[in-house]
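Chain naming here is simple, since letters A, B, ... match the order of the sequence lines and numbering starts at 1 in each. The structure displayed is predicted, hence computed values, not measured ones.
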There are 2 protein chains.
Amino acid sequence: MRRSEFWLQALRQGGYRLTAARRAVVRVLAESEHTLTPAEIYQAGRRFYPALGLVSVYRTLEKLEELGLVQRVHRAEGCNTYFPSAEGHQHVLLCRRCQQAVFFSGDDLEPLVGRLQAETGFRIERHWLQLFGLCSACREKEEKDDE
Amino acid sequence: MRRSEFWLQALRQGGYRLTAARRAVVRVLAESEHTLTPAEIYQAGRRFYPALGLVSVYRTLEKLEELGLVQRVHRAEGCNTYFPSAEGHQHVLLCRRCQQAVFFSGDDLEPLVGRLQAETGFRIERHWLQLFGLCSACREKEEKDDE
DNA sequence: CCCTTATTGAAAAGATTTTTCAATAAGGGC
DNA sequence: GCCCTTATTGAAAAATCTTTTCAATAAGGG
C-alpha cells in the first residue's frame with residue numbers, strides 16, 4: 001500500500017473525516033522525498049485542490065503528527081519543516097542544499113545512554129540524532145558553482 | 001576565567017563594544033545551567049540592568065552565536081532556547097521538565113557516518129545529537145506529583 | 001437522502017522576531 | 001580626562017509565522 005493511502009486510512013480510523021483539503025496535504029507530503037514547510041505544502045497542495053487553505057495545512061499536519069505519521073524536522077535555518085515519520089528506530093540524513101531526506105538506522109547509543117544515566121542521575125527517555133550533509137546531486141552542483 | 005568574562009573579552013576582540021545591555025545578557029546566559037528563551041533572558045537581565053530592551057537580547061544572542069559562544073537548543077516544544085556552546089565535540093542532555101542542560105561527550109558516530117556516506121553518496125558534514133530525559137531532582141518531583 | 005456535526009477558508013488575533021530611527025554612550029585619539 | 005566618531009540602544013512599527021474565531025459547507029452514519 002502506498003504511504004498516502006495508508007495515511008488516509010489511519011486518519012479515518014482515528015475518527016477523522018476524509019476531506020479534499022486533507023487528501024491534498026497527504027498527497028503532497030506522503031510521497032515527498034524532501035522536507036517541506038507548511039507554506040510549501042500549501043503551495044503544492046493547491047495544484048491538486050485550488051481551494052485549499054493554509055490553515056487546513058496546519059491543522060492536517062497537527063493530526064498527522066498526533067497519529068505518529070509525520071514528524072517535524074528541525075534545522076539551523078528553521079524548525080518548520082515536515083517529513084514522514086521514521087518507522088521504528090530510524091533517523092534522518094538531510095541534504096542542506098535541496099532538503100532531500102533519507103532514513104537510516106544503525107546508530108548504537110545504548111552504551112552511551114547507559115553510561116550517562118549512571119554518571120548524571122538523569123533518566124534518559126529519548127534522543128534526537130540528525131545528520132547533515134550534501135547529497136551526491138548537490139555535491140556536483142556545488143562543484144559547478146565554484147567554477 | 002569565568003565564562004562570562006571570557007565572553008566579554010571575546011566580544012571585545014570581535015570588535016564589539018561592551019555595553020550594559022550586553023553585559024546583562026552575558027551575565028545571565030553564561031552562568032546558566034538551564035536553556036533560556038530570549039524572553040527569559042530579557043526578564044532575568046532586567047534585574048541587573050532595568051533599561052534592557054528585548055531587542056538587545058536578540059541582537060546580543062546573534063553576536064554570541066556568530067562568535068561560537070552560544071548555541072540554539074531545539075526541542076519539541078520550541079526552538080528558541082539558548083545555551084553556552086559545547087566545547088569541542090560535545091552534545092547536551094536535557095531535562096524535559098526544568099530545562100537543565102548537561103554537556104556530554106563520548107558518542108562515536110564515525111563508523112555510522114562512514115557507512116552511510118558509502119551507502120548514500122552523501123557527504124556528511126555535521127550531526128546533531130541530543131538526549132532528553134528527567135534530571136534526578138525532577139524525577140523525585142514527578143513521583144511526588146503522582147501520589 | 002437526510003441530519004448532525006466535523007471541517008473548511010477567510011479574517012482576526014497572537015506570538016515571536018526583525019527593521020527602522022532618533023537618541024545615547026563606548027572607547028580610540030588627543 | 002575630554003572630544004568625536006560611530007556602534008549600539010530602546011521604543012515603536014513592521015514583518016513572519018501560527019492559532020483562534022466564526023459562519024458556511026460537506027462528510028458520512030443512519
### Message
Tell me whether A:Val92 shares a hydrophobic cluster with B:Phe122, the cluster being built from Ile, Leu, Val, Met, Phe, Trp, Tyr side chains joined at under 4.5 Å.
### Response
no
### Message
What's the angle between the local helix axes at either end of the helix from C:dC1-D:dG30 to C:dC30-D:dG1, using five pairs per end and rounding to 10 degrees?
### Response
40°
Validation: residues 57-69 of chain A side-chain donor-acceptor distances under 3.5 Å, sequence neighbours left out:
| from | atom 1 | to | atom 2 | distance (Å) |
| --- | --- | --- | --- | --- |
| A:Thr60 | OG1 | A:Ser56 | O | 2.7 |
| A:Glu66 | OE1 | A:Tyr16 | OH | 3.3 |
| A:Glu66 | OE2 | A:Tyr16 | OH | 2.8 |

### Query
Are the aromatic ring centres of A:His74 and A:Trp128 under 6.0 angstrom apart?
yes
### Query
Do B:Arg75 and B:Gln99 have side-chain atoms, one donor and one acceptor, less than 3.5 Å apart?
yes
I'd like a table of atom pairs between the protein and nucleotides 28-30 of chain D - only N or O on both sides, under 3.5 Å - with the distance next to each one.
| from | atom 1 | to | atom 2 | distance (Å) |
| --- | --- | --- | --- | --- |
| D:dG28 | OP1 | A:Arg12 | NE | 3.3 |
| D:dG28 | OP1 | A:Leu18 | N | 2.7 |
| D:dG29 | OP1 | A:Arg12 | NH2 | 2.5 |

### Query
D:dT19 C1' sits how many Å from A:Leu61 CG, rounded?
14 Å
### Message
Over all strands shown, is A:Tyr42 touching base, sugar-phosphate only, or nothing at heavy-atom distances under 4.0 angstrom?
### Response
nothing
### Task
Look at the side-chain heavy atoms of Ile, Leu, Val, Met, Phe, Trp and Tyr, link any pair under 4.5 Å apart, and say whether A:Val55 and A:Leu36 land in one connected group.
no
### Minimum-distance nucleotide (side-chain atoms of A:Arg22 versus D:dA12, D:dT8, C:dT7)
C:dT7
### Summary
When A:Lys63 and B:Pro38 are each assigned the nearest nucleotide of DNA chain C, the 5'-most assignment goes to A:Lys63
### Below 4.0 Å: OP1/OP2 of D:dT19 and any side-chain N or O of A:Arg59
no
### Task
Remember a base hit wins even if backbone is also touched, and classify A:Ala51 as base, sugar-phosphate or nothing at under 4.0 Å, heavy atoms.
sugar-phosphate
### Atom pair distance, as rounded to whole Å: CD in B:Glu62 and P in D:dT8
11 Å
### Message
Side-chain N or O of B:Asn80 versus OP1/OP2 of C:dT16: is the shortest distance under 4.0 Å?
### Response
no
## Note on the structure
To the nearest angstrom, the OH-P distance between A:Tyr49 and D:dT25 comes to 12 Å
### Message
Is the shortest side-chain heavy-atom distance between B:His91 and B:Gln130 below 4.5 Å?
### Response
no
